[in-house]
Amino acid sequence: MRPDRNHVRTWCGLLVLLCPALLTSMDASLLFVAGPAISAALHPTSEQWLWAMDIYHFVMAGLLMTMGSLGDRIGRKRLLLIGAAVFGGVSVLVAYAPNPELLILARALMAIGGATLAPSTLSLIRGMFDVERQRRMAVGAWTVAFTGGAVAGPIVGGVLLNHFWWGAVFLINVPVMLVLLIVAPFLIDERKSAEPVRFDLVGAGTSLVAILGLVFAATQIPRDGLTPAAIAGAGAGIAAGVVFSIRQVRASHPLIELSLFRSPGFSTAVATNTVVALVTAGLGVLAFPFMQNVHGLTPLDSALWALPTLVGSFVGTASAAALAERFTSAALLITGMLAATAGFVVIVTLDSRTGLWVFLAGYVVLTYGVGLTATIANSLVLTSAPPDRAGAASGISETATMLGAAVGIATLGTIASTVYRNTMGDGVPPAALESVTGAVAAGGNAIGLLDAAFAAYTRGLVVAALVAATVTAVLAIVLIAIHVSGKAAACQRRWGE
C-alpha cells in the first residue's frame, strides 16, 4: 500500500505546487485589466504607471537566477515556504496601497516573493517524478499554470472587478498562500544539492545589477531613446555582466553553471521561452484595452470573451504531452512557433470594424502554439540539467522568461503607442493623443474623435502583431535550420562509420 499512498501524495503535492506557479504569473498580468480602475483611484502619472507595470518583471528577472541557485543550497521546499509567506503578506500591501509610490514599492516586494516561488516549484517537480512520461505530464501541468496564468490573470481580474474594488485582485493571493504554508510541509519532500556548498554572494549581486541595468535600458530606449539614464543603465549592466561571467568561470562554487549552455537542448529551450514570453506579454498588454475601449466591453465581458484563449493554452499543453513520444522536441518546438506565427498573422488582418471574433480566433491559435512550445521547452530545461542543479536551471529559464516579458511589454507597447500618436496627428485633445483610454474620456459623444482613436489604436495593435509575427517566424526558421543541420551531421556520422 505504501507505493500507492506515495503516488497519490506526489500528485497531490504537484497540485499544491501549481498554485504559486499560477499566481506569480497571474500577478504579472493583472494590471492589464485592473489598470483603468487603479488609475481612477490612485491617479498615477504615465511614468508611474509604467513603473507599476514593469517593476514586477524587473525585480523577478533580477532575482530568479539567484533564488534558483539558493534553493539548490538551502533547500527548495524551505525557499518555497519563505516565498509563500512573503508573497501572501505583501499582497495585502498592494491591495491597500494609498498612492502610486507605495503601489510601486509593494509590487517590487511582491516580486521578491515571486522570485522565490517560481524556480522552487519547477525544480521540486524535477525531483518528484523519476519516470520521464510522468515528469513530462507534470511539467505540462506546470506550464499550463505558469503560462496560462498570464492569460488567466486578466480574466480573473475582470470577474473580480465586476463585483469588488481593484485591491481584491491581489487579495486572492492570501488564502492560497495560507493553504500552501499549511499543506506543503506534509506533501512535499525537501530537496537540495547533495553536497553543501557556499552561496556565491558576489555572483548574486553582480547578476542582479547586470539584469536590472540591461532590462532598464532595453525598456527605456524604445520609449525615450538614448537618454543618459538608459546609457548609464546599459553601461552598468554590461560591466556587471562581464564581472559576473568572469566570477562564474573562476569560482569554486559558482552561482550558475555556465556549462549548462553547452547543451544545445538547454540553450534552445531558454531562447524559445524568452521569445514566447516577449510576444505574449507584449500582446497581452494591448489586448484588453483593445477589447474594452475599441469594442466597448466591460472588464467582466472582456474576461469572458478571453476564456477561449485559455482553452487554447490547455490544448497546446495537452498536445505536447500526447505527441512528445511520437515526435522529436525540435519538431514540436517548430510546430508551436509556426502556430504562434499563424495566430499573429490573423491579428495583422484586423481593422477597427472587424468583428472581435477574428481577433480572438488569432489569439487562440497563438496561445495553442505557446502552450505547445513552452511545455516542450520547460521539459528540455529540466532534462538537460543535472538533478542537483535543477533549481539553478529553472532560475535561468524563468529569468529569461521574465526578461522577455519585460522587454515585450516595453517594446511592443511602445511601438503601438508610437503608431497610435502618429496616426492621430495634431489637432486632438492632449488626453486623446496620449492614449485611447484618454480619447474615450475626452471624446464623450464626439463620434469622429472616437472613430479616429479606435482606428489608430487598432493600427498600433496590428503593427505590434506584425513585429511579433516576424520574431516568431525568424525563431521557427532558426529552429528548422538547427534541426536540419543536426540531421545532416547525424547522417554524415553514419556514413563515416
Side-chain angles (χ1 to χ4, degrees), residues 21 25 61 64-65 68-69 72 118-119 121-127 129 132-133 135-148 150 256-281 313 316-317 319-321 323-325 327-341 368-405 407-408 471-472 474-486:
S25 181
L64 275 167
M65 193 161 53
S69 182
D72 289 337
T121 55
L122 189 56
S123 57
L124 282 167
I125 288 173
R126 171 65 175 85
F129 295 91
E132 178 63 27
R133 178 178 174 82
R135 184 190 300 129
R136 192 182 297 117
M137 292 174 61
V139 171
W142 184 92
T143 302
V144 168
F146 193 71
T147 61
I256 65 169
E257 295 286 351
L258 295 179
S259 59
L260 289 173
F261 289 97
R262 296 174 186 168
S263 166
F266 182 83
S267 299
T268 301
V270 170
T272 302
N273 271 339
T274 304
V275 170
V276 165
L278 187 152
V279 297
T280 51
S313 180
T317 299
S319 298
L323 299 174
E325 294 183 358
F327 300 95
T328 65
S329 296
L332 294 177
L333 289 177
I334 292 167
T335 301
M337 281 293 93
L338 291 176
T341 302
Y368 169 81
V370 167
L372 174 61
T373 303
T375 301
I376 299 301
N378 287 322
S379 182
L380 280 173
V381 166
L382 291 183
T383 56
S384 300
D388 64 342
R389 301 299 290 160
S394 302
I396 294 170
S397 177
E398 289 158 23
T399 296
T401 298
M402 282 296 168
L403 285 173
V407 173
V471 172
T472 54
V474 168
L475 179 58
I477 293 170
V478 171
L479 291 174
I480 292 171
I482 293 173
H483 185 50
V484 170
S485 64

Looking only at heavy atoms, the pair that brings Leu338 and Ala476 closest together is CD2-CB, 3.8 Å
How close do Gly336 and Thr373 get, heavy atom to heavy atom, and via which atoms?
CA-OG1, 3.1 Å
All side-chain contact (heavy atoms from CB on, under 4.5 Å) counterparts of Ala269, not counting sequence neighbours
Ala377, Leu380, Val381
So which heavy atom on Met337 is nearest to which on Leu475, and how close?
SD-CD2, 3.4 Å
Find the distance between OG1 (Thr328) and CD1 (Ile334) and round it off to the nearest 0.5 Å.
7.0 Å
Exactly one of Leu332, Leu323, Thr317 clears side chain to side chain contact (heavy atoms under 4.5 Å, CB included) with Ile376, and that residue is Leu332
Go through the structure and list residues passing side-chain contact (heavy atoms from CB on, under 4.5 Å) with Thr268, not counting sequence neighbours.
Thr272, Leu333, Leu479
